Enquirer: 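I'd like to ask you about the structure that follows.
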Amino acid sequence: MDGSSLKSAQLLEQMRLHLATDAGKELTKKVGLVYQLNIAPKKLGVDEEIFVVDLKKGEVTKGPYQRKPDATFSFTDNDFLAIATGKTNPQIAFIRGAIKIKGSISAAQKFTPDIFPKPAKL
């Protein structure tokens, strides 16, 4: 994702490429939800960059979703990476306050490390 200073942007770019593969297309059929990610460099809600992971269309874009996403997450760059790479359990992160969630909780529960491609190297 161009012009981003976030480490998460690299992972989201890998996700974008992954969604074009057969495995990615399978994922869109299985999940079929739209997530908006508000990722802050250091502190929640400050200087956030917004990304949309659209698992209906199979794309990742920068900027807010034009309609209502199934779930919106807010987290810091490091917390997002820890969750997406499986180093941190999403439920534990939520309990700790490292993630803020708006929207459908059942949709949010499908947002797991399994939906991300295994990173070659970040």
Side-chain angles (χ1 to χ4, degrees):
M1 302 273 130
D2 294 336
S4 176
S5 60
L6 299 174
K7 292 176 267 181
S8 302
Q10 288 179 309
L11 182 64
L12 288 164
E13 178 61 19
Q14 286 181 359
M15 176 88 181
R16 188 182 70 76
L17 298 172
H18 177 67
L19 289 174
T21 67
D22 289 342
K25 289 183 176 91
E26 208 49 46
L27 188 63
T28 57
K29 282 183 203 158
K30 190 172 114 186
V31 179
L33 298 166
V34 178
Y35 298 106
Q36 180 171 302
L37 311 178
N38 302 340
I39 305 174
K42 300 258 183 262
K43 188 171 184 247
L44 280 181
V46 179
D47 297 327
E48 289 178 327
E49 290 187 33
I50 299 172
F51 299 90
V52 173
V53 177
D54 187 333
L55 296 177
K56 282 183 182 165
K57 290 184 190 167
E59 58 189 24
V60 177
T61 55
K62 192 169 179 187
Y65 191 56
Q66 297 308 311
R67 293 184 290 286
K68 188 175 181 215
D70 293 295
T72 299
F73 296 93
S74 298
F75 18 43
T76 64
D77 197 18
N78 288 336
D79 286 331
F80 171 71
L81 280 174
I83 291 162
T85 56
K87 291 185 175 111
T88 299
N89 179 307
Q91 285 86 1
I92 302 293
F94 178 73
I95 292 166
R96 275 194 3 240
I99 304 177
K100 303 272 186 258
I101 301 172
K102 277 191 219 157
S104 163
I105 293 301
S106 64
Q109 288 173 328
K110 292 182 181 170
F111 189 80
T112 64
D114 303 342
I115 71 170
F116 291 93
K118 300 300 161 247
K121 194 169 188 178
L122 283 179

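Worth saying up front: this structure is predicted, and the values here are computed from it rather than measured. Values below: every heavy atom of this structure, side chains too, minus hydrogens, waters and symmetry copies.
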Enquirer: To the nearest 0.5 Å, what is the distance between CG on Leu37 and CD1 on Ile39?
Expert: 5.0 Å
Enquirer: Could you measure the distance from the CG atom of Asn78 to the CG atom of Leu81? Nearest 0.5 Å is fine.
Expert: 6.5 Å
Enquirer: When rounded to the nearest 0.5 angstrom, what distance separates NZ in Lys68 from CD in Gln36?
Expert: 12.0 Å
Enquirer: What are the two closest non-hydrogen atoms of Ala71 and Ala107, and how far apart are they?
Expert: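 Shortest heavy-atom contact: CB-CB, 4.4 Å.
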Enquirer: Strictly distance-based, threshold 3.5 Å: is any side-chain N or O of Asn38 a donor or acceptor partner for the main-chain N or O of Ile50?
Expert: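 No, Asn38 side chain to Ile50 backbone: no donor-acceptor pair under 3.5 Å.
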Enquirer: Between Thr76 and Lys42, what is the shortest heavy-atom contact and its length?
Expert: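 Closest pair (atom of Thr76, atom of Lys42, distance): CG2-O, 3.1 Å.
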Enquirer: Ala93: what forms a side chain to side chain contact (heavy atoms under 4.5 Å, CB included) with it, not counting sequence neighbours?
Expert: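 So Ala93 forms a side chain to side chain contact (heavy atoms under 4.5 Å, CB included) with Ile83, Thr88, Ala98, Ile99.
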Enquirer: Which pairs with one or both residues in residues 95-107 pass side chain to side chain donor-acceptor pair (under 3.5 Å), sequence neighbours excluded?
Expert: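 Side chain to side chain donor-acceptor pair (under 3.5 Å) check on residues 95-107 returns Ser104-Ser106.
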Enquirer: Do the side chains of Val34 and Leu27 join up, straight or via other hydrophobic residues, at under 4.5 Å, putting them in one cluster?
Expert: no
Enquirer: What's the shortest heavy-atom distance between Ala40 and Glu48, and which atoms?
Expert: CB-CG, 3.9 Å
Enquirer: Any side-chain heavy atom of Val52 sitting closer than 4.5 Å to one from Pro64?
Expert: no
Enquirer: Hey, does the side chain of Asp77 reach the backbone of Ser8 with a donor-acceptor pair shorter than 3.5 angstrom?
Expert: yes
Enquirer: Nearest heavy-atom pair of Leu12 and Val60: which atoms, and what distance?
Expert: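 That would be O-CG1, 3.9 Å.
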Enquirer: Quick check: closest heavy atoms across Glu49 and Ser4, and the distance to 0.1 Å?
Expert: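 Taking every non-hydrogen atom into account, OE1-OG, 2.7 Å.
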Enquirer: Got a second to check how far Phe94's CZ is from Phe73's CZ, nearest 0.5 Å?
Expert: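 Reported value, rounded in 0.5 Å steps: 9.5 Å.
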Enquirer: Below 30° counts as parallel, above 60° as perpendicular, anything between as tilted: where do the rings of Phe116 and Phe111 land?
Expert: perpendicular
Enquirer: With side chains defined as the heavy atoms from C-beta onward, is the minimum distance between Thr72 and Tyr65 less than 4.5 Å?
Expert: no
Enquirer: Please check this pair: side chain of Tyr35 against backbone of Leu55, looking for a donor-acceptor N/O pair closer than 3.5 Å.
Expert: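 Side chain of Tyr35 to backbone of Leu55, a donor-acceptor pair under 3.5 Å: no, none is there.
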Enquirer: For the NZ atom of Lys57 and the CG atom of Leu19, what is their distance to the nearest 0.5 Å?
Expert: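 Here the rounded value is 13.0 Å.
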Enquirer: In this structure, are over 12 heavy atoms from other groups packed under 6.0 Å from Asp47 atom CG?
Expert: no
Enquirer: What are the two closest non-hydrogen atoms of Thr28 and Lys25, and how far apart are they?
Expert: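 Nearest pair, atom of Thr28 first, then Lys25: OG1-O, 2.7 Å.
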Enquirer: Which residues satisfy the side chain to side chain contact (heavy atoms under 4.5 Å, CB included) test with Ile105, sequence neighbours excluded?
Expert: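 For Ile105 the side chain to side chain contact (heavy atoms under 4.5 Å, CB included) partners, ignoring immediate neighbours, are Ile101, Gln109.
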Enquirer: Could you give the distance from OG1 (Thr85) to CG (Leu11), rounded to the nearest 0.5 Å?
Expert: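 Answer rounded to 0.5 Å: 7.5 Å.
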